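The shown structure was predicted, so the numbers you read here are calculated from the model rather than taken from an experiment. Counting starts at 1 for both ligands and their atoms, in listed order.
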Amino acid sequence: MGERDVAAVKTWVRDARRIVLLTGAGMSAESGVPTFRDAQSGLWTNFRPEELATEDAFRARPRFVWDWYAARRVGMATVQPNAGHRAVAAFQQRHPGRLTVVTQNVDGLHQRAGSAGVLALHGNIAEDKWLDRPRACCTAENVQDGHPPRCAACGNLRRPAVVWFGELLPAAALVEAEEAASGSDLVLVVGTSGRVYPAAGLARATRGRVVVVNPEPTALDDVADVVLAGTSAMLLPRLLED
Ligand code: BV8
């Protein structure tokens, strides 16, 4: 990664009217959140996240999958935003309306760093919702504790408010992200392997420049004008400083 590349990207950031930042699990790695690529631990060691993060897996083994989310939730609640998250929030405060944060992360760290208008395409692990369409009995009062909690009257299960594989993304957030990407001058693709769609497709939707920030090769390097082989907490503060 040449200093000339970093300098070029800093110029693009300075000159861009509308920037989209697309982030993945690598954005939170330096906060201590394992990425999807990182080996699973505990009971879930032999399972790929793609196998667990599905409605079928939850219906087949509700306790096993619920406890996986519960463990991740605790992990995500006890970490702090890193220098990368903070640099993004600070840039947004200095330059309101110029940078849109689109994240695949369910950890809420961008929001906790103070970023405004974060488009969380894959939901929020800290929230729950009903698995099946709620009936009249499916009220907060009727929630019976358990792994997972359920409706005491009809047994409807609670599930994490995240987007599982095979599920549609929140339409409003996706449309807003697609509009931001197609209207952008610059897309910064940070900490994502670029393999999960439709999120990864946003990097291909811009008529502007694309910059990838990642210590490893990604599935989006082919559309990048520059690939910066480094970490988000190290590089974003430099790229976003005025
Ligand atoms: C859907 C929430 C319509 C849950 C997640 C087109 C082509 C191929 C497949 C598809 C396609 N369209 C749809 C699909 C199917 C599927 C898909 O994309 N499958 C993939 C696996 C091939 N997509 C879907 O199912 C989506 N829904 O399309 O609905 C539909 C409906 C029915 C039938 C068909 C279509 C829903 C996708 C969302 C799933 N939910 N998360 C949860 O968290 O439990 S996805 C989840 O995995 C994350 O949110 C994230 O999106 C993804 C993980 O990817 P990354 O974030 O990139 O993380 P990863 O670990 O892979 O990589 C980390 C990177 O960071 C690495 O590159 C590493 O080098 C780097 N790194 C590490 N440290 C650092 C760093 N970078 C910088 N700094 C560091 N310090």
What protein heavy atom lies closest to atom 78 (N) of ligand 1? Include the residue and the distance to one decimal. Ser232 N, 3.0 Å
Would Met234 count as a contact of ligand 1 if the rule is a heavy atom under 4.0 Å away? no
Looking only at heavy atoms of Gly166, does any of them come nearer than 4.0 Å to an atom of ligand 1? yes
For ligand 1, note which part of Arg195 has a heavy atom under 4.0 Å away: side chain, backbone, both or neither. backbone
Please list the nearest protein heavy atom to atom 51 (O) of ligand 1 with its residue and the distance rounded to 0.1 Å. Gln104 OE1, 2.7 Å
Is there at least one protein heavy-atom neighbour under 4.0 Å from atom 34 (C) of ligand 1? no
Answer whether the closest heavy-atom distance between the side chains of Val20 and Thr206 falls below 4.5 Å. no
Is there a side-chain contact between Pro148 and Tyr69, using heavy atoms and a 4.5 Å cut-off? no
Could you pull out the closest heavy-atom pair between Ala16 and Asp185, with the gap in Å? C-OD2, 3.6 Å
Test item: protein heavy atom less than 4.0 Å from atom 9 (C) of ligand 1: no
Of all the non-hydrogen atoms in the protein, which one sits nearest to atom 29 (O) of ligand 1, and at what distance? Glu167 O, 3.0 Å
Answer yes or no on whether Arg61 is positioned over the face of Trp66, meaning its NZ or CZ is under 6.0 Å from the six-membered ring centre and within 45° of the axis. no
Return the residue, atom name and 0.1 Å-rounded distance of the protein heavy atom closest to atom 21 (C) of ligand 1. Phe165 CE2, 3.9 Å
Among all protein heavy atoms in this structure, tell me which lies nearest to atom 71 (N) of ligand 1, with the distance rounded to 0.1 Å. Gly26 CA, 3.6 Å
Atom 15 (C) of ligand 1 touched by protein heavy atom at under 4.0 Å: no
